[in-house]
Amino acid sequence: MNHASQADARQPGGSGQRKLWPILLAGGALLVVVALLSIVYGSTIYSLREVYAAFVEPASSKAQLILTTLRLPRMLVTVLIGANLGIAGALMQAMTRNPLASPSIFGLNAGAALAVVSMTLLLPGLSAAWRVYGAFAGAFATAVLVYAVSHMIRWGKIELNMALIGVTAQTFLAVGTQALLLFNESKTDMLLFWLAGSVVGNRWYEVSVLASWSLIGLLGSLWLSRSLSVMGLGDELARGLGQRVKLLRVGVLVAVVILAGVSVSIAGPIGFVGLIVPHMARYLVGLDYRRVIPVSGLLGALLLTLADVGSRMISYPGETPVGIVTALLGTPYFIYLARRKGVGS
C-alpha cells in the first residue's frame, strides 16, 4: 500500500466503519436543499410559492417559463456534471494510486476542450450530441499521451511523473485552444465563457444528451468499483487475486473518458471537482470503492451545485462562470496535496 493509502487509512473514517446509508441520506437531503436554492436564486429571486405554481399549476407566466426552461435544466446539468467529475476523479485516483489525479490535473479536460473548440470553429452547425464525440476523442488521446510519456521517464515515482506530465499537457493544450480563439476572434464570444466552465444556457436537449452518457459512465463505474478496491493493494497482489489489471485499466479509462468528455462538451473544462471530492469521500467511508464511487458522485453534485449558486453572488445580478469558483476552491487544495505528496515521497 502506498503512502497516500496509508495516510487515508489513518484518517478518521479511513477504516470504512461508518455506515453508507446515513451519509447518502444526509448528502441527498443537502443536495435537495441546494438544488432548490439553485432554482430559486438568480438575477430574479423567486419565492417557494412561485416555484410551486410554476411546476404544478397550469397557468402560463414569465416565472413559469424561466423556471421550467432555464433554471431547472441548468440545475440538472450542474448536478449531473458534478457527479460525473467526482466519480471520474475517484476512478483516476484509484487507477493510478495517485492522490493528485483528476481529469483537470491530468489534462483530460483540456484535451476534450481543444477538440470541442476545433469542431465548433470548423463545423459551427454541429449539435451537442456530435460535440460529445469530439470531446471523447480529445480526452482519450490526452490520457494515452500522458500515460505513455510518464512510463517513458525512468526517474522519479510514476505517480508524481503522471501528475507533472498531465499538468504540462494541460498547459500546452490550453495554449493550443487559445491560439485557435485568437485566430477566430469573430466566432469566440460564447466559447470564451464556455471555456471558463459554465452551465449557463443549457436546455432540455443538453440535459438529455448529458443524462444518457452519464448513466452509461455511472453504471460502468459501479461495475468496476469492486475490482478497484482490490487494485488498491498493488498490481501483483491484484493479479494474484484473479484481477486482469490491464483490462481493468482500459475499462477505467473508458469510463473516465465518457464521464469527463460529456461533461466538458456541455459545460466546458470545469476543474478541481474531481481532485477534491474523492478525498472527501474516502475520509467519510474509507477505501472501499463500492462506497467511494457513489459518495463521490453525491459529493461532486453537491459541491458543483453549491459553487454554481455561489457564482451568481459574485457579480450579482450578472453571471460568473462556475469554473472560476471551483478553481478558487481547488487551487489551494492542489498545492496542499502536492506539498504533502512531496514530503511523503
Side-chain angles (χ1 to χ4, degrees), residues 4 7-8 11 13 23 26-28 30-31 33-35 37-38 41-42 74-75 77-93 98-110 112-113 163 166-167 170-171 174 192-200 256 259-260 263-264 266-285 292 295-316 318-342:
D8 284 339
Q11 292 176 344
I23 292 172
L30 283 174
L31 181 59
V33 172
V34 176
L37 186 59
S38 175
Y41 187 81
R74 174 175 178 168
M75 182 272 290
V77 163
T78 306
V79 168
L80 288 171
I81 289 176
N84 287 353
L85 296 177
I87 293 172
L91 291 174
M92 292 188 69
Q93 290 178 17
N98 185 345
L100 302 177
S102 76
S104 57
I105 300 301
F106 275 37
L108 271 67
N109 285 356
V167 171
Q170 179 191 29
T171 303
L192 287 172
F193 201 75
W194 174 85
L195 281 169
S198 173
V199 292
V200 177
V256 169
L259 294 169
S263 299
V264 171
I266 299 297
I270 297 174
F272 295 106
V273 175
L275 173 69
I276 299 172
V277 165
H279 291 273
M280 297 167 61
R282 288 193 297 270
Y283 179 88
L284 289 173
V285 297
V292 171
V295 173
S296 293
L298 178 59
L299 293 178
L302 180 59
L303 176 63
L304 190 61
T305 307
L306 192 58
D308 182 43
V309 173
S311 72
R312 304 177 208 182
M313 300 178 181
I314 294 175
S315 57
Y316 183 83
E319 288 278 358
T320 300
V322 68
I324 294 177
V325 179
T326 60
L328 289 173
L329 294 172
T331 301
Y333 193 74
F334 174 69
I335 294 171
Y336 161 73
L337 284 176
R339 287 176 59 87
R340 193 181 74 170
K341 178 68 177 175

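Values below: every heavy atom of this structure, side chains too, minus hydrogens, waters and symmetry copies.
- Side-chain N or O atoms of Thr78 include one that pairs as donor or acceptor with a backbone N or O of Arg74 at under 3.5 Å.
- Pro321 is listed as a side-chain neighbour of Phe193, based on a closest heavy-atom distance under 4.5 Å.
- Counting heavy atoms from C-beta outward, Leu85 and Leu259 have side chains that stay 4.5 Å or more apart.
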Determine, stepwise, if the pair Leu299 / Leu284 fulfils side-chain contact (heavy atoms from CB on, under 4.5 Å). CA-CA 11 Å; Leu299 293 178; Leu284 289 173; 4.0 Å; yes
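- Ala88 and Pro103 make their closest contact through CB-CG, 3.8 Å (heavy atoms, listed as atom of the first residue, atom of the second, distance).
- Listed here is the closest heavy atom pair of Ala163 and Leu100: CB-CD1, 4.0 Å.
- When all heavy atoms are compared, the tightest approach of Val322 to Ser311 is CA-CB, 4.2 Å.
- Legend: residues meeting side chain to side chain donor-acceptor pair (under 3.5 Å) with Asn109, ordered by chain and number and at least two apart, are absent.
- Of the inter-residue distances, the one linking Leu37 atom CG with Met75 atom CE reads 11.5 Å to the nearest 0.5 angstrom.
- A donor-acceptor pair is defined here as one N or O able to donate and one able to accept, closer than 3.5 Å; no such pair exists between the side chain of Ser102 and the backbone of Phe272.
- When all heavy atoms are compared, the tightest approach of Ile276 to Gly330 is CD1-CA, 3.7 Å.
- Here Asn98 contributes atom CG and Gln93 contributes atom CD; the two are 7.5 Å apart, rounded to the nearest 0.5 Å.
- Side-chain contact check for Ser38 and Thr305: no donor-acceptor pair (N or O, by modelled atom type) lies under 3.5 Å.
- Annotation: side chain of Leu80 is not in contact with side chain of Ile266 (no heavy-atom distance under 4.5 Å).
- Between Val264 and Ala112, the shortest heavy-atom contact is CG1-CB, 3.7 Å.
- Between atom OG of residue Ser198 and atom CG of residue Leu192 there is a gap of 12.0 Å, rounded to the nearest 0.5 Å.
- Partners of Gln170 according to the side chain to side chain donor-acceptor pair (under 3.5 Å) rule, which considers only residues two or more places apart in sequence or in another chain, do not exist here.
- A side chain to side chain contact (heavy atoms under 4.5 Å, CB included) with Thr326 holds for exactly one of Leu303, Leu275, Leu304; it is Leu304.
- The CG atom of Asp308 lies 10.5 Å from the OG1 atom of Thr320; values are rounded to the nearest 0.5 Å.
- Of all non-hydrogen atoms in Pro332 and Ala327, the two that sit nearest each other are CD-O, 4.3 Å.
- Partners of Ser263 under the side chain to side chain donor-acceptor pair (under 3.5 Å) rule, at least two apart in sequence or in another chain, are Asn84.
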